[in-house]
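I have a structure I would like to understand better, so I am pasting it below and will then ask my questions one at a time.
We name chains A, B, ... by the order of the sequence lines, and we start the count at 1 in each one.
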Protein chains: 2
Amino acid sequence: MPETARRSDHLNATRYGNRPTMKDVAARAGVGLKTVSRVVNGEPGVTPETERRVQEAIDALGFRRNDSARVLRKGRTASIGLVLEDLADPFYGPLSRAVEEVARAHGALLINGSSAEDPDREQELALALCARRVDGLVVIPAGDDHRYLEPELKAGVATVFVDRPAGRIDADVVLSDNFGGARDGVAHLIAHGHRRIGFIGDMPRIHTAAERLRGYRAALEDAGTQVEDSWMSLGVTDPQRVRRAAEEMLAGPDPVTAIFAGNNRVTVTVVRVLAEHSRPTALVGFDDFELADLLQPGVTVIAQDAAALGRTAAERLFRQLDGTLIAPERIELPTRLIARGSGEVPPAV
Amino acid sequence: MPETARRSDHLNATRYGNRPTMKDVAARAGVGLKTVSRVVNGEPGVTPETERRVQEAIDALGFRRNDSARVLRKGRTASIGLVLEDLADPFYGPLSRAVEEVARAHGALLINGSSAEDPDREQELALALCARRVDGLVVIPAGDDHRYLEPELKAGVATVFVDRPAGRIDADVVLSDNFGGARDGVAHLIAHGHRRIGFIGDMPRIHTAAERLRGYRAALEDAGTQVEDSWMSLGVTDPQRVRRAAEEMLAGPDPVTAIFAGNNRVTVTVVRVLAEHSRPTALVGFDDFELADLLQPGVTVIAQDAAALGRTAAERLFRQLDGTLIAPERIELPTRLIARGSGEVPPAV
DNA sequence: CTTGCATATGACAACGTTGTCCAGGCTCTA
DNA sequence: TAGAGCCTGGACAACGTTGTCATATGCAAG
């Protein structure tokens with residue numbers, strides 16, 4: 001073994017444990033650095049015999065190319081970032097997976113993190129990802145001001161927002177048709193004879209919640225019904241408060257005969273409340289959930305396609321990177337009403 | 001503006017879009033490269049006045065430190081990799097989130113990917129993460145031979161396996177007590193008078209499935225009952241086959257009076273089948289799932305704590321990195337029986 | 001005015017890889 | 001056998017950052 005090899009081994013001893021580098025491999029195989037690089041990358045111009053020697057040295061040393069260095073040299077990291085609200089939320093699992101599949105198809109890795117619905121944390125995460133020089137960023141916004149990303153966009157970081165629109169910045173956005181979905185859901189209740197329909201949803205400062213509320217109002221107005229304040233409960237999302245809100249709507253002299261639930265978690269709590277009440281009350285929920293069909297009655301929902309959201313966003317991202325895409329666009333994906341029973345209950349007399 | 005600045009801007013034009021570097025900032029601020037580095041990293045020894053000038057240049061150019069280069073220089077990437085089976089699976093959401101939280105507490109980012117239960121893809125992913133020089137790796141094994149990771153372990157990549165043990169390699173493992181949980185679940189059925197108890201689960205080559213089967217057998221043997229082959233259905237996991245298996249067990253002259261379901265998906269399908277049958281049959285499922293309590297009757301389950309699995313694994317990982325940890329260990333976390341009704345149904349006469 | 005010292009700043013190498021370019025040896029043809 | 005052309009292989013710079021070390025500046029003390 002040439003002298004350089006030993007020296008180099010020693011020099012690298014404290015870094016990354018002590019991973020061998022191409023230099024070490026080259027020394028051991030008795031070839032030049034670049035030849036090793038060629039073998040590792042399958043570039044042409046290496047004799048089978050030389051290649052064999054290099055390969056042997058690689059195996060013997062347990063060498064693995066350092067992609068960090070490679071990235072520094074090449075300028076592209078082949079990785080994209082995903083900032084979402086909560087990895088543990090069943091809605092984001094399929095979305096995240098869809099993004100991953102598209103990334104994989106493009107040879108990219110996925111780095112993701114949860115903002116926990118905190119705008120500061122969203123920003124911190126997004127910027128950390130930019131510092132890692134991800135090629136692109138898929139963001140499910142927690143905040144409503146994304147001007148902090150402007151320098152990054154200008155610098156060429158491909159960016160797509162999903163599920164909620166970007167704030168104060170011009171960028172690609174992929175959304176569900178929250179307005180249309182809610183309108184359809186409420187119209188479905190109206191078609192089954194309901195007029196007094198309750199709405200329980202999140203704070204209207206959240207875009208999806210506002211849109212769904214708007215759809216609710218539109219459907220009732222289309223039917224010529226005047227919406228009463230007591231029918232709506234906004235900014236209510238934790239089980240306790242949803243429960244109280246539902247019970248209030250169902251009590252009183254003139255109770256609602258149906259409830260439209262503004263999201264997943266609300267729907268589930270309302271199901272619990274209705275199960276305890278004797279008077280049958282119709283229910284339609286925004287967002288599908290597992291086992292909704294197994295409940296008695298099955299829960300009628302407006303389903304969004306989370307995987308499609310993720311896939312569409314990621315595909316747009318890579319088209320930005322290809323240069324195929326120019327102007328930012330706003331894409332709305334349709335929702336689908338799934339009737340399972342709870343939405344077809346007629347109004348109690 | 002000094003001449004160098006313009007030249008540098010031009011040279012960098014095609015890389016990372018055209019992100020400014022410390023060199024560009026230095027040129028613009030009229031200071032040395034290292035001074036910029038000092039300011040960016042909050043190192044001491046910079047006059048307030050100089051700092052102001054540098055900060056100004058940073059803002060004007062929209063500079064953000066390139067962490068890839070930083071990583072190359074420093075040798076630690078402050079990121080860990082997570083290889084799991086399927087991000088979209090509700091079981092892995094909380095696990096993944098727990099790992100992320102621990103990583104965040106240690107200032108690390110999380111890169112994750114799905115193996116889709118394919119050993120080759122698991123290996124490909126794990127090695128890709130090693131090439132990125134993640135500091136550590138949390139792996140939910142798809143395959144049962146992990147010798148391919150040996151060079152990486154030797155090179156100092158901290159590694160913890162979760163949910164299933166590592167194959168042919170000595171490493172940290174964090175598991176649920178699959179054997180004990182299954183035994184408890186079946187014992188629960190036995191305590192309610194059942195003897196003829198069916199088991200539907202995954203292929204025994206999957207460690208968790210094998211352990212649960214072992215627990216099932218142990219409980220019945222403890223009760224002095226001879227297990228009959230017709231009670232067990234192994235390697236059955238897709239809805240169609242689970243359905244057929246369940247129906248077979250429930251038919252015939254001497255049907256089972258209770259079923260123990262080996263995992264989540266099996267449980268759900270069995271619930272459907274039982275709902276169609278008139279004779280009441282008891283059911284206990286391994287793994288909790290959302291809304292299990294809302295069904296009629298509520299589904300009794302053996303719950304594992306996915307978040308605890310993830311947290312424990314990640315914490316061990318960082319203790320490996322600290323050097324606090326020496327010998328690999330196998331940790332088993334307890335499971336919990338949650339009685340909700342379906343497991344307390346007495347045997348039909 | 002010189003010496004000594006602390007403090008602010010910059011020049012330079014190094015991290016591990018890839019792209020560019022050149023050299024040496026070979027084959028082929030005239 | 002010489003010249004052209006191809007193939008193999010290596011030297012060197014560069015990617016953007018940080019660590020080391022040297023220098024310049026200012027000020028106090030002799």
Exercise. Which word best sums up how the rings of His146(B) and Phe161(B) line up, parallel for under 30°, tilted for 30 to 60°, or perpendicular for over 60°?
Worked result: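 Correct class here is perpendicular.
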Exercise. What is the distance, rounded to the nearest whole Å, between atom CZ of Arg19(B) and atom P of dG16(D)?
Worked result: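 The distance from CZ of Arg19(B) to P of dG16(D) comes to 11 Å, rounded to the nearest Å.
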Problem set entry | Closest to side chain of Thr21(A), choosing from dT17(C), dG10(C), dG10(D) |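 Comparing dT17(C), dG10(C), dG10(D) against the side chain of Thr21(A), the answer is dT17(C).
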Exercise. Can we say Glu101(B) and Arg97(B) salt-bridge, meaning some charged N sits less than 4.0 Å from an Asp/Glu carboxylate O?
Worked result: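 Between Arg97(B) and Glu101(B) there is a salt bridge, with a charged N closer than 4.0 Å to a carboxylate O.
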Exercise. Of the candidate nucleotides dT9(C), dG16(D), dT17(C), which contains the atom at the shortest distance from the side chain of Arg73(B)?
Worked result: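 Selected nucleotide (nearest to the side chain): dG16(D).
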For this session: State plainly whether the residues Arg52(B) and Glu49(B) are in salt-bridge range, i.e. N to O under 4.0 Å.
Result: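 A salt bridge links Arg52(B) with Glu49(B).
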Exercise. Between Arg132(B) (CZ) and dG16(C) (P), how many Å, whole number?
Worked result: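 Atom-to-atom, Arg132(B) to dG16(C), this comes out as 18 Å.
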For this session: Calculate the interatomic distance between Glu43(B) atom CD and dT9(C) atom C1'; express it in whole Å.
Result: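 For the pair Glu43(B) CD and dT9(C) C1', the rounded distance is 13 Å.
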Exercise. Can you tell me how far C1' of dG16(C) sits from CZ of Arg64(A), to the nearest Å?
Worked result: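 Answer to the nearest Å: 15 Å.
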For this session: Counting heavy atoms from C-beta on, name the nucleotide in dT9(C), dG16(C), dG19(D) closest to the side chain of Lys74(B).
Result: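 Ranking dT9(C), dG16(C), dG19(D) by closest atom to the Lys74(B) side chain puts dG19(D) first.
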Exercise. In whole angstroms, how far is the P atom of dT17(D) from the CZ atom of Arg76(B)?
Worked result: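 Checked: the CZ to P distance equals 22 Å.
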For this session: Classify the nucleic acid contact of Val40(B) as base, sugar-phosphate or nothing, counting any heavy atom under 4.0 Å across all strands shown.
Result: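 The residue Val40(B) makes no contact with any strand.
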For this session: Look at the side-chain N and O atoms of Ser37(B) and state whether any lies under 4.0 Å from the OP1 or OP2 oxygen of dT18(D).
Result: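 Checking dT18(D) against Ser37(B), a side-chain N or O does come within under 4.0 Å of OP1 or OP2.
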Exercise. Counting side-chain heavy atoms from C-beta on, which of dG10(C), dT20(C), dG9(D) comes nearest to Lys34(B)?
Worked result: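 Closest of the options to the side chain of Lys34(B): dG10(C).
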Exercise. Do Arg64(A) and Glu152(B) sit within salt-bridge range, that is, some charged N less than 4.0 Å from a carboxylate O?
Worked result: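 Between Glu152(B) and Arg64(A) there is a salt bridge, with a charged N closer than 4.0 Å to a carboxylate O.
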Problem set entry | Phosphate OP1/OP2 of dT9(C) contacted by Thr50(B) side-chain N/O (<4.0 Å) |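 Indeed, a polar side-chain atom of Thr50(B) lies that close.
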Exercise. Do the side-chain N or O atoms of Asn41(B) get closer than 4.0 angstrom to the phosphate oxygens (OP1, OP2) of dT18(D)?
Worked result: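 So the side-chain polar atoms of Asn41(B) do come within 4.0 Å of the phosphate oxygens OP1 or OP2 of dT18(D), strictly under.
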Exercise. When the distance from CG of Asn66(B) to C1' of dT17(C) is rounded to whole Å, what number comes out?
Worked result: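 Spelled out: CG on Asn66(B) to C1' on dT17(C) is 14 Å.
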For this session: Using only heavy-atom distances, determine whether the side chains of Glu100(B) and Ser114(A) contain a donor-acceptor pair under 3.5 Å.
Result: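 A donor-acceptor contact under 3.5 Å links the two side chains.
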For this session: Consider the side chain of Thr47(B), meaning its heavy atoms from C-beta on, and name the nucleotide among dT18(D), dT17(C), dA8(C) that approaches it most closely.
Result: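 Ranking dT18(D), dT17(C), dA8(C) by closest atom to the Thr47(B) side chain puts dA8(C) first.
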Exercise. Hey, which of these two, Thr35(B) or Arg70(A), hits DNA chain C nearer its 5' end, going by closest nucleotide?
Worked result: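 Nearest nucleotide further toward 5': that of Thr35(B).
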For this session: Answer with base, sugar-phosphate or nothing: what part of the nucleic acid does Val46(B) contact at a heavy-atom distance below 4.0 Å?
Result: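 The residue Val46(B) makes sugar-phosphate contact but no base contact.
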Exercise. How close or far is atom C1' of dC15(D) from atom CG of Leu72(B), stated in whole angstroms?
Worked result: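 The distance from CG of Leu72(B) to C1' of dC15(D) comes to 9 Å, rounded to the nearest Å.
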For this session: For Met22(B) and dA14(C), give me the distance from atom CE to atom P, rounded to whole Å.
Result: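 It works out to 20 Å between those atoms.
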For this session: For Asp67(B) and for Arg38(B), find the nucleotide of DNA chain D with the closest heavy atom, then tell me which residue's nucleotide is more 5'.
Result: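 That would be Asp67(B).
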Exercise. Of all the nucleotides listed (dT17(C), dT9(C), dT17(D)), which has the minimum atom distance to the side chain of Leu33(A)?
Worked result: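 For Leu33(A), the side-chain atoms sit closest to dT17(C).
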Exercise. Would you call Glu124(B)-Arg121(B) a salt bridge at under 4.0 Å N-O?
Worked result: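 No, Glu124(B) and Arg121(B) are not salt-bridged.
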